[in-house]
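Structure first, commentary second.
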Amino acid sequence: MSDTLTIIRPDDWHLHLRDGAMLRAVLPETARHFARAIIMPNLVPPVVTGAQAAAYRERIMAALPEGMSFEPLMTLYLTEDTDPEDVAAAHASGLVKAVKLYPAGATTNSASGVSDFTKVRAVLEKMAEIGLPLCVHGEVTRADVDIFDREAVFIDTVLDPLRRTTPELRVVMEHITTSHGVDYARAGGETLGATITTHHLIINRNHILVGGIKPHYYCLPVAKREEHRLALRAAATSGEATFFLGTDSAPHTDSNKEQACGCAGCFTATNTMSLLAQVFEEDGALPNLEAFTSKNGPAFYGLPQNTGTLTLRKAPPSYPKKILTGEGEVTVFDPGYPLTWEVASA
Ligand code: DOR
Ligand code: ZN
């Protein structure tokens, strides 16, 4: 077996970069290996208008260290007041590549998200007309729904009705975590895609809770039972066009993670490619890694594949356990076992 693997330079179809000092610290971690990323708009306040997305893009480019190249693919945060014409203009200018739907209260900085879906109908219809994808955080937020069931209930009660009402709308099910998500995405035809994170291929809910609570494994949607992790692995490693990488790498400082009410998010930008190479190798699917990280995403979004490459080599990677930021330290996701692939060149 060859001990190197060269693939088309990957993209990350779901990434949190934040702003200010945190942005400056985490951006190089992604730009080192990834050519492009879909940038999540859940800043405080959120990125709602085309003008705000343009300004955020400028701040990202200003934070990029000299000698690195990276293309941020901007998104707008959908609110009940979003103006369909502003969305259409931001798309027509080439600035915005997707609109993000957070059900109100679903996760970090989602307070301005959608509660009443009738109020966003005109925006969704405009997006369907112009071919602009909707990225969906697929969890209901009702207190009476168990947190481990929130994805399945969302699919049945929100996503499926929404797609039946607007069948032409292109939808990305973000960070799916269950076999229900896998099955629904697979059956959805070419208007439906799904991203899968690196960490959901590696941890199940036991990793969070057995032997003491592990705040750095806590994210949303929360990791589910082992059978769901295995379904995600089968989907990601299958090479099927529906599934592509969205790391959901989400930096929070250690002091915000390790406390009585800790923030949700795993930070995987630094070691994602090493983690994935090992996952795909373990499942006998290394030849499908490139489809998952570098081909299926651009195909769904109607963008060209990258021209550069990334080479992995069978050797223990070396990277910091924590990233120093102006706001404090951020812990890099630790799978709990030694890694065996390093990025040799990118
Ligand atoms: O774990 C998560 N962290 N899930 C999300 O949906 C948001 C993200 C964040 O922004 O920290
Ligand atoms: Zn996210």
Side-chain angles (χ1 to χ4, degrees), residues 13-14 38 40-42 46-48 75-88 90-91 96-107 109-197 220-221 224 235 241-244 246 248 297 300-302:
W13 299 96
H14 182 133
I38 286 274
M40 286 297 120
N42 63 333
V47 179
V48 174
T75 64
L76 298 178
Y77 186 118
L78 183 63
T79 74
E80 293 176 3
D81 299 320
T82 295
D83 172 7
E85 293 313 319
D86 182 61
V87 171
H91 172 252
V96 157
K97 300 293 186 234
V99 172
K100 174 75 186 226
L101 165 67
Y102 287 103
T107 186
N109 305 333
S110 61
S112 329
V114 176
S115 306
D116 179 355
F117 281 81
T118 61
K119 299 214 171 116
V120 295
R121 178 116 310 280
V123 182
L124 300 183
E125 264 152 31
K126 176 57 83 175
M127 290 170 60
E129 180 192 318
I130 62 181
L132 180 61
L134 181 72
C135 293
V136 175
H137 183 110
E139 289 190 287
V140 291
T141 54
R142 285 179 6 226
D144 61 326
V145 179
D146 189 277
I147 191 165
F148 291 100
D149 299 332
R150 287 178 171 196
E151 180 170 297
V153 174
F154 181 89
I155 291 168
D156 291 346
T157 64
V158 181
L159 182 58
D160 194 58
L162 185 150
R163 292 187 60 246
R164 283 177 196 277
T165 315
T166 320
E168 288 82 26
L169 182 65
R170 300 181 69 71
V171 174
V172 182
M173 298 172 70
E174 302 272 70
H175 43 52
I176 55 171
T177 58
T178 60
S179 61
H180 316 293
V182 168
D183 293 345
Y184 187 80
R186 217 175 235 144
E190 48 172 47
T191 56
L192 190 61
T195 60
I196 302 177
T197 76
L220 289 170
K224 309 294 192 300
T242 300
F243 303 104
F244 38 97
D248 200 13
F300 184 88
Y301 277 91

With Val123, the side-chain contact (heavy atoms from CB on, under 4.5 Å) member among Val87, Asp81, Asp86
Val87
With side chain to side chain contact (heavy atoms under 4.5 Å, CB included) as the criterion, how do Leu101 and Val171 come out once you've worked through the C-alpha distance, each side chain's angles and the decisive distance to 0.1 Å?
CA-CA 10 Å; Leu101 165 67; Val171 174; over 6 Å; no
Check whether Arg150 reaches the backbone of Val145 with its side chain - one donor and one acceptor, N or O, closer than 3.5 Å.
yes
Glu174 vs Asp248, side chain to side chain contact (heavy atoms under 4.5 Å, CB included): CA-CA, chis, key distance, verdict
CA-CA 9 Å; Glu174 302 272 70; Asp248 200 13; over 6 Å; no
Distance, nearest 0.5 Å, that separates CD1 of Ile196 from CD1 of Ile176:
4.5 Å
Measure up the His137 and His175 rings against each other and bin them: parallel (under 30°), tilted (30 to 60°), perpendicular (over 60°).
perpendicular
Listed partners of Thr165 passing side-chain contact (heavy atoms from CB on, under 4.5 Å), at least two apart
Arg121
Gap separating the OG1 atom of Thr157 from the CG atom of Leu162, nearest 0.5 angstrom:
11.0 Å
Looking only at side chains, do Lys224 and Thr177 share a donor and an acceptor under 3.5 Å apart?
yes
Quick check: closest heavy atoms across Ala185 and Phe243, and the distance to 0.1 Å?
CB-CE2, 4.0 Å
So, taking the atom named CG in Asp149 and the one named CZ in Arg142, what distance separates them when rounded to the nearest 0.5 Å?
11.0 Å
CD/Glu139 to CD1/Ile155 distance, rounded to the nearest 0.5 angstrom?
10.5 Å
Could you report the tightest heavy-atom contact between Leu76 and Ala90, atom names first, then the distance?
CD1-CB, 4.3 Å
Quick one: are Val136 and Met173 in side-chain contact, heavy atoms under 4.5 Å?
no
Would you find a donor on one side and an acceptor on the other, under 3.5 Å apart, between the side chain of Arg163 and the backbone of Gly188?
yes
To the nearest 0.5 Å, what is the distance between CZ (Arg186) and CG (Leu192)?
12.5 Å
Would you check if the side chain of Glu151 reaches a backbone N or O of Pro221 as a donor-acceptor pair within less than 3.5 Å?
no
Worked check of side chain to side chain contact (heavy atoms under 4.5 Å, CB included) between His14 and Thr197:
CA-CA 8 Å; His14 182 133; Thr197 76; over 6 Å; no
Would you list the pairs meeting ring-ring contact (aromatic ring centres under 6.0 Å, His included) in which at least one residue belongs to residues 176-195, sequence neighbours left out?
His180-His228
Please check if the side chain of Thr82 supplies one atom and the backbone of Leu78 the other of a donor-acceptor pair under 3.5 Å.
no
Please give me the minimum heavy-atom distance between Thr141 and Gly105, naming the atom from each residue.
CG2-C, 3.7 Å
Evaluate the side chain to side chain contact (heavy atoms under 4.5 Å, CB included) criterion for residues Arg170 and Met127: first the C-alpha distance (whole Å), next the side-chain angles of each, then the deciding distance (0.1 Å), finally the verdict.
CA-CA 8 Å; Arg170 300 181 69 71; Met127 290 170 60; over 6 Å; no
Do Trp13 and Phe300 make the cut of ring centroids closer than 6.0 angstrom?
no
Does Lys100 offer a backbone N or O that forms a donor-acceptor pair with the side chain of Tyr77 under 3.5 Å?
no
Interatomic distance, CG@Leu134 vs OG1@Thr191, rounded to 0.5 Å, equals 11.5 Å
